[in-house]
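So the structure is just underneath, and the comments pick up after that.
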Amino acid sequence: MSIDDLFWSDAPPPTRRGRRGRRVRELAAAVLRALGAALDSLATRLMHVQPSPARDEPLLEFHAEAGAPEGALYVNGQLVGHLRGVTRL
């Protein structure tokens with residue numbers, strides 16, 4: 001496709017709606033920019049929130065990392081035992 005293939009219209013440009021139309025567009029643009037900034041701020045805050053575990057359910061942790069006790073199983077932060085031969089869950 002070349003520039004010669006594009007359709008060019010001979011129609012006149014849209015008529016001006018006066019000052020009121022411009023002010024309405026500027027107000028709408030300002031509101032949309034403010035809303036976008038507020039949503040961006042909210043998204044940033046929500047990305048850093050860690051969901052807390054339900055209080056009814058125990059928090060289970062398993063450690064099989066270098067320097068940690070191999071196969072250590074914790075429930076709510078308390079060591080409950082070791083899983084021999086298990087290196088990952």
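All heavy atoms count here, side chains included; hydrogens, waters and symmetry mates do not. We count residues from 1, following the sequence as given. Predicted model only: the values in this text are computed from it and were never measured.
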Item to complete: Apply side-chain hydrogen bond (donor to acceptor under 3.5 Å, both in side chains) to Q78 and list each qualifying residue two or more places apart in sequence or on a separate chain.
Response: none
Worksheet item: For the residue pair A72 and Y74, what are the closest heavy atoms and their distance?
Response: CB-CE1, 3.6 Å
Discussion item. Keeping T44 on the side-chain end and D40 on the backbone end, is there a donor-acceptor pair under 3.5 Å?
Written reply: yes
Worksheet item: Closest approach of L73 and L79, non-hydrogen atoms and distance?
Response: O-CD1, 3.6 Å
